[in-house]
Structure formats: structure tokens, C-alpha cells
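Read the structure below first, then the notes.
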Amino acid sequence: MPFTTITLNDGRKIPEIAYGSWTLGNGREVIDQVEQGLDTGFDHLDTAQVYRNEEEVGIAFHESGLSREEVWITSKWSGAWMGEKQLSITDSLKASLAKLKIEYLDLYLIHAASLCQEQGINSCWAEMEALQAAGLVKSIGVSNFQIADLEVLLSKAKVVPAVNQILIHPYVYHQTKPLIAYLKTKNIVPEAYSALVPLTKGPDGTPLRKVLDKISEKHKIAPEQTLLGWVRTKGVIIITTSSKKERLERYIAVGDIKLSKKDVEEIDEAGKKGIPASTRAWVGRVVVGVAGLVGVAIWGARGLGRL
């Protein structure tokens, strides 16, 4: 069935697939690409303070002619980065709203637990809850939080995070399964970024690539559709992007693709056989970058082998 929505623990319905701006950079080209995403059928935009393109995402949304209610907009508090002064969560949100030129966010995330090291996770989350109560953001959540981080947050939280946006693809799924299972017990929806890394950063000829190619040929679909279809079977919201309209159309068409249980199991098993050295190095840089957030900006600005 086509992509629809997933109901969050606060009762709001979030679109199952989002157009992400992490790798886009800045400038008019970004505006055009986000507009292309909206034109292709994406109704969920994902950005962040550290991506440095909230303004472009906002311009694209306003130029699209779509109403505010027709587009779900997510952004993130990314703390201090690129040598700039760290803003509070409240000040960062107000700055993001000003750049996007909107009155509220549909979803606001703490970009990484490490950002709360100074004031503490509970203090950070209390500020997020206050922003939600004030109506500046409709839903609140986190990104790159592990089970231990969530246990701390939930020990004093009045509001359970609606989502946790994390790295999910077959090479890391085996290690991530306990976290995904934990999120399910807490009714927190996982969001997947960089799901296409095995294709964009992995070499040909690996066990996983062979399985993806075989399944794609069987269903007469593209490998990236098979991979995104696999992500969808995990009950996960997909964050993806492309500068090419035909690929965006293929991504949207994933909503009509149904993989068999055997297909999913084969992808699971192939992913467990190991991550190529080149992909492992990239994942390592992402982990380091997320820990400090500066790396996210650097790698995002360079582009990450977009499909």
C-alpha cells in the first residue's frame, strides 16, 4: 500500500517517509531540490540547526504553495557547532522558526544525548516539554539516543519522546535491534537516517549487494527500492534524499512494494555477514561526528554519496 502515516504516542500522525536536508549544503540549489521533493510527493521535511539550511528549507516550503497543515516539518537542537556559541534549546527553536518562517514545528528533536552533558538530560528534556506546552512545537523527540540515555530521560519525563531518529541499515541492524525493541516497549517510533549507505558507501560484490540485486531482479525494482522496502518492514520512518527526480519517484513508489518474509530475512542475514571496510570507516566518522555535532556539519556540507 502507498506510504501513509504512523500514529505517534501523542496521537499525532507523522508521514512514513521524509525528505532530509542533511547532505544538501546551502544555496538556491537546495531550495530547488527541496521543492522538487515536495513536488514529487514528499510531505515531510527533515532538517536541523547544524545542517545550516533551515532557511532554504523554509523558502522551498513557502514557494511550494502548500499550506502549513499539508507539510510536516521536523528540526533539531544541535547545540554548539563550528565554533559558534551554544544556544539554549528555547533560543535555538526560536531561531529555527525564524529561519523557516513558520509559527511552530511539527517535531523538534534533541540531536544527540551528548549535547546535554553540561545541563543534564533531564533538564534538557524539561525544556523540550515546556516548548511543547507553549505550542511552539507539536511533538518532541530525540535523535541518536541509546537505551541508557533514554532510561535517564524517562526516569523524570512527563512526556515520553515521540521518536528516536537513529542510523538504521542492514550492516548495523543486528547491533541496533535491542534499541529498536526497547523503543517499541516504550511506544517510541524509530526514524532511520542513512538507510541507503550500503548502496551509496558500500562496494559492489558484497554478500548484501548480491542479495539486494537478486531480490530487486525478482520484484523488477531498483536496489534502493528493495533497501527502503526492507526499512519499512521494521516499522521505521524513512529519512532519505536525492537530487534526481526519477530516484525520488522510485522512493515514493516503495509504498507500493511488498517484500516477502524470506526477502527480509535474507537481507537481515546478509547484513550480519559484515560491513565493508570503506563503509565501516564512514560509519565511524558519523559516530564521531554525532558525538561532537561539528562533524555532522562538515560531512553534511560535502555530501554523502547521495542517491
Side-chain angles (χ1 to χ4, degrees), residues 1-8 12-24 29-48 51 53 56-75 106-107 163 165-170 189-200 212-213 215-260 263-264 267 303-307:
M1 60 182 293
F3 282 112
T4 55
T5 59
I6 291 176
T7 302
L8 299 174
R12 303 187 68 237
K13 297 182 184 297
I14 184 171
E16 287 184 283
I17 188 168
Y19 187 90
S21 70
W22 175 15
T23 64
L24 299 186
E29 183 180 1
V30 177
I31 298 170
D32 293 339
Q33 289 182 25
V34 176
E35 283 191 34
Q36 181 174 251
L38 291 168
D39 289 342
T40 307
F42 285 82
D43 56 0
H44 179 175
L45 300 178
D46 181 275
T47 186
Y51 302 166
N53 55 26
E56 286 91 337
V57 170
I59 292 170
F61 161 64
H62 291 292
E63 289 186 354
S64 73
L66 295 167
S67 70
R68 182 65 188 88
E69 293 73 22
E70 290 178 291
V71 181
W72 180 287
I73 302 178
T74 297
S75 193
D106 290 285
L107 177 63
V163 308
Q165 189 176 124
I166 54 179
L167 177 69
I168 300 177
H169 56 67
V189 175
E191 291 188 319
Y193 66 79
S194 298
L196 294 174
V197 160
L199 295 175
T200 62
L212 291 173
D213 288 343
I215 294 172
S216 301
E217 184 176 354
K218 179 179 71 174
H219 291 285
K220 295 182 173 20
I221 57 178
E224 62 263 31
Q225 291 179 302
T226 299
L227 192 47
L228 293 182
W230 171 86
V231 174
R232 195 184 186 205
T233 67
K234 306 303 182 183
V236 172
I237 294 166
I238 298 167
I239 313 293
T240 190
T241 193
S242 179
S243 60
K244 298 176 175 60
K245 186 174 183 179
E246 62 271 19
R247 283 179 173 153
L248 294 178
E249 290 171 343
R250 289 202 291 268
Y251 298 167
I252 292 294
V254 169
D256 296 312
I257 293 169
K258 183 173 178 57
L259 300 181
S260 69
D263 293 335
V264 175
I267 295 171
L304 299 171
R306 286 174 262 158
L307 268 180

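Side chains are part of it too, since the values below use all heavy atoms of this structure and drop only hydrogens, waters and symmetry mates.
In this structure, N53 contributes its side chain and S21 its backbone to a donor-acceptor pair below 3.5 Å. T241 contributes a side-chain N or O that, together with a main-chain N or O of G20, makes up a donor-acceptor pair within less than 3.5 Å. At distances below 3.5 Å, not a single donor-acceptor pair connects side-chain atoms of Y19 with backbone N or O atoms of G41.
Here the straight-line distance linking atom CZ of F42 with atom CD of E35 works out to 15.0 Å at 0.5 Å rounding. For the atom pair CZ (R232) and CD (Q225), the distance works out to 12.5 Å, reported to the nearest 0.5 Å. The distance from the CH2 atom of W230 to the CD1 atom of I267 is 7.5 Å, given to the nearest 0.5 Å. To the nearest 0.5 Å, the span separating CG on L196 from OH on Y251 amounts to 5.0 Å. Atom CD in Q165 sits 8.5 Å away from atom CG in L107 (nearest 0.5 Å).
Residues satisfying the salt bridge (Lys or Arg N to Asp or Glu O under 4.0 Å) criterion with D39, sequence neighbours excluded, are absent altogether. By the side chain to side chain contact (heavy atoms under 4.5 Å, CB included) test, T5 is found to be paired with K13, residues two or more places apart in sequence or in another chain being considered. In this view, E249 satisfies the salt bridge (Lys or Arg N to Asp or Glu O under 4.0 Å) rule with no residue, not counting sequence neighbours. When the side chain to side chain contact (heavy atoms under 4.5 Å, CB included) test is applied to K218, the partners found at least two apart in sequence or on another chain are S260, D263. Partners of L8 under the side chain to side chain contact (heavy atoms under 4.5 Å, CB included) rule, at least two apart in sequence or in another chain, are D10, I14, W72, S139, A162, V163, V189.
Residue pairs that meet the salt bridge (charged side-chain N to carboxylate O under 4.0 Å, His left out) test with at least one member in residues 56-71, sequence neighbours left out, are R28-E63, R68-D106.
Here the shortest heavy-atom pairing between A60 and L38 reads O-CD1, 4.0 Å. Among all heavy-atom pairs drawn from A195 and L227, the shortest one is O-CD2, 3.3 Å. Across every non-hydrogen atom of S216 and L212, the tightest pair is OG-O, 2.6 Å. A pairwise comparison of heavy atoms in E16 and P2 identifies OE1-O, 4.3 Å as the closest pair.
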### Derivation and outcome, side chain to side chain contact (heavy atoms under 4.5 Å, CB included), residues I257 and H219
CA-CA 9 Å; I257 293 169; H219 291 285; 5.6 Å; no

### Task
Start with the C-alpha distance between I17 and H44, add both sets of side-chain angles, then the distance that settles side chain to side chain contact (heavy atoms under 4.5 Å, CB included), and finish with yes or no.
CA-CA 7 Å; I17 188 168; H44 179 175; over 6 Å; no

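A parallel orientation is assigned to the rings of Y51 and W22, their planes being inclined by less than 30° (bins at 30° and 60°).
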